[in-house]
Amino acid sequence: MYALKYDEDTCLKCRTQDCLAKCQYIDIDKESAKKEILKIAHGEDSSVLHDCVTCYACEEYCSFNNHPFYLIVEKQEELDIPPLPRPIIKRGIKTGIPFRGEPTIEKINGRALLMGAFADLMHLIQGKLFEGLPVISTDPRKMFHYFCQLMYLHYARNSVIKERLPKIIKTIAEHEVTEVVCFHDECYGTYTSYCPAIGMEVPFTPVHFFEYLYNRLLELKKEIKPVKLKVAYQRPCSSRLSPDKHRFVQAIFDLIGAQTVEREYVDENALCCGGTMEGQRREGSRKRTADLRRKNIEDMKNAGAEVCVFNCPACYNTLGQMLVQSGIRPVFMSDLCRVAIGEKPEGWR
Amino acid sequence: MDSVYEALVEIVGPEHVSSQPEELFIYSWDLGTTEPHRPDYAVAPRTAEEIRKIVQLANKEKIPVVPLGGGLSLAGLAVPFKGGILLDLKRMDDIIEVNERARYALVECGVSQGKLTAYLERHHPHLTHSEPGAPPAATIAGNVVIHGQGDLAHPYGFNSDMINGLEVVTPTGEICQFGSCAIGAGWFTLHPLPDVGLFLGWTGTTGIITKVSLRLFPCKKIRGMAQFVVDDEDLVPEVFYKITHTQMVEDIMATSQAIPPFSSELHHFTINIAADSEKELEFKLEIVFDDTLGEYIHKGDGGYLGFIRGLERPQLSKTSDWRKGGGFEYVGSIMPIEQYPECYRRGKEISERHDIPYTVLARCIGTAHAMMFSWTYAFNRADPKTIEHAREALHETDDLALELGGTIWKPGLYGQRLVMEKLNPNTLELMRKIKQLLDPNGIMNPGNWEAQ
Amino acid sequence: MMALADFEYGDTIHRCFRCGYCKFPVDWTDVNNCPAYARYRMETYSCGGRLWLTRAWLSDEIDWTAHFAHIMFSCTACKNCEAKCPLSFNVDILNMITAAKGEMVERGTIPPLVKEFLENIQRHGNPYGTPKAKRGDWLDGMGLKPYQGQDYLYYVGCIGSYDTRAQEIARALGAVLDRAGVSFGVLGVEEGCDGNDVNMIGEQGLFEVLAEDNIAQFKDLGVHRIVTLSPHAYNAIKNEYPCYEGDFEVLHYTQLLQCLISDGDLDISKGFEARVTFHDPCFLGRWNGEYEASREILQAIPGVTFIELEKNRESALCCGGGGGNFYIDFLGGSPDSPSRRRVREAHETGANILAVACPSCLNMLEDAVKSEELEDKISVQDISEIVAKACGITA
Ligand SMILES: Cc1cc2nc3c(=O)[nH]c(=O)nc-3n(C[C@H](O)[C@H](O)[C@H](O)COP(=O)(O)OP(=O)(O)OC[C@H]3O[C@@H](n4cnc5c(N)ncnc54)[C@H](O)[C@@H]3O)c2cc1C
Ligand code: SF4
Ligand code: SF4
Ligand code: SF4
Ligand code: SF4
């Protein structure tokens, strides 16, 4: 029913093969890249299907919006080449099953903030920045009714996404929302990139969390006191699905007077937190991930970062402890913004 | 006026004896499914000497004495089935000595697990004890009495194998010591004196332990927990064997439970790993997860879920609140590890029959010499039907544990009966004689281990 | 008479497993952090014991007895249990105990001392039964102004107004505020009881009357900001009065002093030479999350060597005075009394001053120092007095 909008012709004509040529995890030249991508398009086995760490980045690298990553995971599923071991996939798929009753639907008739599957992080959306903004998915027991499911790209289970997502969209729509500010940019990516790519309709307008924060900070500009911290940013995989919104990271930092450190692994070249890579079937995954994390944090440290700013709670969980050990403080973007307007987020000293 | 009451007041002081309905009510209840029975007196002694006098009094009056520690053993083991004196031992809670060099802690019987853990963390951070997953109010003595196992069970075995010395008040009121302490030496070894192992596993029917010298073990700077998951129960024993072969980890457990959904029909291993440096940690992770379990990962049969630094000690158990019911009880068994798949499958059936979401857990004891396999049944304290269901499920599980070739760990009365039916008759007879010899009036925790 | 089904917590009270986490301080150092359990060491006196007994009572499995009432009213409402119980209904466990006390009040089956406590407050506006006319005696010779529109109402409370020792700290604080140039006034004989402990005893009717009277009086006088001597009053005004449309900005005095000191409005350069440890009052700490103000004040005073008690902040052992126990004193009379345990703990730190920030703690702990015969080793002083000395104010 939902078919991926992928156009083989575009790849045939493509002269960059940026999707794979730029890939940080697969070492491949342009020529082979072309061969492999076409093999994949034809549903043939390809080394890429085995080696892809599902970092999402090729969605951004391809300047023709031809969805190489979605294609890869579709074919991984079709050809039964799951990136992760079977028990992890089963576990993940069951995680998203709501089992504690139905959510209460409050009609909103306007804009709302969607917490998705992070209802337990309500402490991150406190204070003036969020004043007057109704919130959807506030009960951790019911939050999987709002789970965007996109995580299953890491599991090569597009079928699960396609099966469950319409119900999730319906639940959100029942709140009668017009604009939906997505707390997690994986949700934002789902509704602005994945859904259009497979032809699934989204009856509301998603708003990127950082765009919202930026605009809200503009309204509160008078109250901003420069935070004067040296910051690094941990870009999450899902941000690759909305590269046009990535600029708000810098825009916010500029607005609140945070000083971005010069580092190697930023923007297009950002490194994955390793959350999904660590358990992958590909030989050496655990060790590679450990090295990757070390490299990432070393890079922040060498650049003089005092704080590592997060967008995604999953990245925060995987890297937080290591960062603290390295003397870098992990902090969510919204908390940093709160500090800038003189508020004291939970646990901030 | 009640002369026993007065005599007890004489021994421990008026504030530490009660025959008021409130204390008798509270001490009549176990936390599990066992029916309550009221004691006649609740007494909270402070010294072994007081206990000695209480036991002598009880012998004279021929009334039962039931020792109680944290009361967390959940199988009705300290329910005063025949009334008498309930001895709440938790006032005896001094940590008498920690010997850094011989690595032991000498504690009074009422010292809680939480207190010892906190004390060691604060004063002897490079030493640790094998802490059971019980709530921190459980006592050290109550735990060794029932052959408990803690988070060092894989490298070092049962907690009752970690005893370097005991002080015991016998049922006839003598204070005895066992181990090197008995000859006036330190409390550093139980062996090699003639063995009089008469107090462990007897659930307080042969005497009251008043002091325990417990072995401590090196505590490394980094301690944390890795997770590994498989979806095929038949793989579990193999994974246990492989991990234990590395001899690189501390605790190994496998769990499976119906709720939440992500744990249902999957088997999650938690594997505690300790290291003094990053180098040691990485080395151990590599040996265990790349070299030993890597084949499962690559084939796609097992998944590595990462390593988290820091252990929750003591553990916060929320099991009782799973269904907002305030209660659960489990059957524990000591079982060959190869029985994991059957234990799991059959247990799940029992749970489903009684409409209780299944919950099972296996903890490795020794280098895969055995496992403690438990089946947990939650109930709603406000709904007698669910308690009845849980009780039936527990009994069926006691039967199952023996059927599968295991032994029941800390059995309640029902399980004790099953075990005694199976016991070698000569052994049973010897037990009966020992009990008769030690406790001629049968005052100690009567009802338990009563060979007919 | 109320049955379990009608009890506000009838559908949750059975969820207590009696696992006993609630007996511990945050770091599990011992099982004595429920002050009532520490005193009696019978399971009945632990939080879980109270919950099981309450459930049994409301379902007619046990009858009311004086001993049962003693068990219930010995709870000081210190909130340690709430801080430690890991289960999601922990927010209600103390409410369950208080509601059970309330049911006893309702049925008229309460211990004589509790009855006396409540009647005194009802008749005289204070627990001691001293005439209302004497409420302003502590002010004699102080020259403090009655409240008439100043920035702050300085609310003293019953203990500070009547208890001889506590009057000293009420005066010390008055003098310090005066010295700092704070614009404030007092109510003197016109002051009423804040009702915090009445509320903790479960006498909701009386509490409502007290709260409503106070609110009406405050509003009439145009009060907007209040500074209290006692954390108990602070708690009632901050957390309960808003339910009766009493919305005031309220500070505990340590919070105000901390600001004054850090803004340089209070000259504390005379200093205070001592090794000082600090006992967190429950109604400042666990109830209202204020752990820092007192510490910052003490650490700012020249000459103070500050030493933490082993059990501090969320782990602090209650002095045993809450829930009316400073008067009914169901936990007194034994070396195991929480106040005596607490002063021994304070003595073990090597401090020679045990600082408090509450008139109830002051009373409880000072008596305990005497019982422990530690008078020449350690003395109890309120932060208001210590600050007064550091300002060079002599009594
Ligand atoms: C959530 C949960 C998790 C648990 N996990 C574990 C675990 O991982 N490992 C484990 O081993 N156990 C576990 N248990 C079981 C049990 O709580 C512990 O074994 C606990 O240590 C028992 O100690 P206790 O002080 O509560 O004993 P009690 O229940 O008070 O007593 C146990 C028995 O010993 C007798 N007894 C007590 N003290 C003495 C004494 N001084 N002298 C003679 N007899 C005495 C009693 O009469 C009774 O028969 C768990 C329990 C719960 C509720
Ligand atoms: S996916 Fe995009 S970048 Fe890759 S070959 Fe096709 S068009 Fe080029
Ligand atoms: S998702 Fe990442 S790892 Fe996979 S092919 Fe694309 S860029 Fe490479
Ligand atoms: S109140 Fe909570 S911690 Fe205390 S016994 Fe009950 S369930 Fe356990
Ligand atoms: S509030 Fe304090 S005294 Fe009352 S039960 Fe809880 S811990 Fe014990």
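Letters A, B, ... mirror the listed sequences (proteins, then strands); counts begin at 1. Below, each value reflects all heavy atoms present in this structure, side chains not excepted, and no hydrogens, waters or symmetry copies.
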Once you round to the nearest 0.5 Å, how far does CG of B:D232 lie from CZ of A:R86?
7.5 Å

Between the side chains of B:D290 and A:K287, is the shortest nitrogen-to-carboxylate-oxygen separation below 4.0 Å, so that they form an ion pair?
no

Portion of B:L266 that has a non-hydrogen atom of chain A nearer than 4.5 angstrom
side chain

Got a donor-acceptor contact below 3.5 angstrom from the A:E278 side chain to the B:Y304 backbone?
no

Highest number of heavy-atom pairs under 4.5 Å with chain A among B:F262, B:F228, B:Y296 belongs to B:F262

Side chain, backbone, both or neither: which part of A:E283 has a non-hydrogen atom closer than 4.5 Å to chain B?
both

Inter-residue atom distance A:I88.CD1 - B:I297.CD1, 0.5 Å rounding
7.5 Å

With distance as the sole criterion, is a donor-acceptor pair present between the side chains of B:H268 and A:R91 under 3.5 Å?
yes

Considering only heavy atoms, which portion of B:S264 lies under 4.5 Å from any heavy atom of chain A: side chain, backbone, both, or neither?
both

Considering only heavy atoms and a distance below 4.5 Å, find which of B:D301, B:V230, B:I308, B:I259 pairs most often with chain A.
B:D301

Under 4.5 Å between any side-chain heavy atoms of B:K299 and A:R281, yes or no?
no

Using heavy-atom distances under 4.5 Å, tell me whether B:L285 contacts chain A through its side chain, its backbone, both, or neither.
both

Can you name the nearest heavy-atom pair linking B:G303 to A:P85, along with the distance?
CA-CG, 3.8 Å

Here the gap from A:Q325 atom CD to B:R309 atom CZ, rounded to the nearest 0.5 Å, amounts to 4.0 Å

A:R286 vs B:E286, side chain to side chain contact (heavy atoms under 4.5 Å, CB included): CA-CA, chis, key distance, verdict:
CA-CA 8 Å; A:R286 191 200 60 81; B:E286 189 173 330; 3.7 Å; yes

In terms of heavy-atom contacts, does NE2 of B:H245 have more than 12 from other residues, nucleotides or ligands at under 6.0 Å?
no

Go through B:P260, B:G310, B:G302, B:G306 and name the one with the most non-hydrogen pairs under 4.5 angstrom from chain A.
B:G302

Please indicate whether B:F283 has more than 12 foreign heavy atoms, meaning atoms of other residues, nucleotides or ligands, lying under 6.0 Å from its CZ.
no

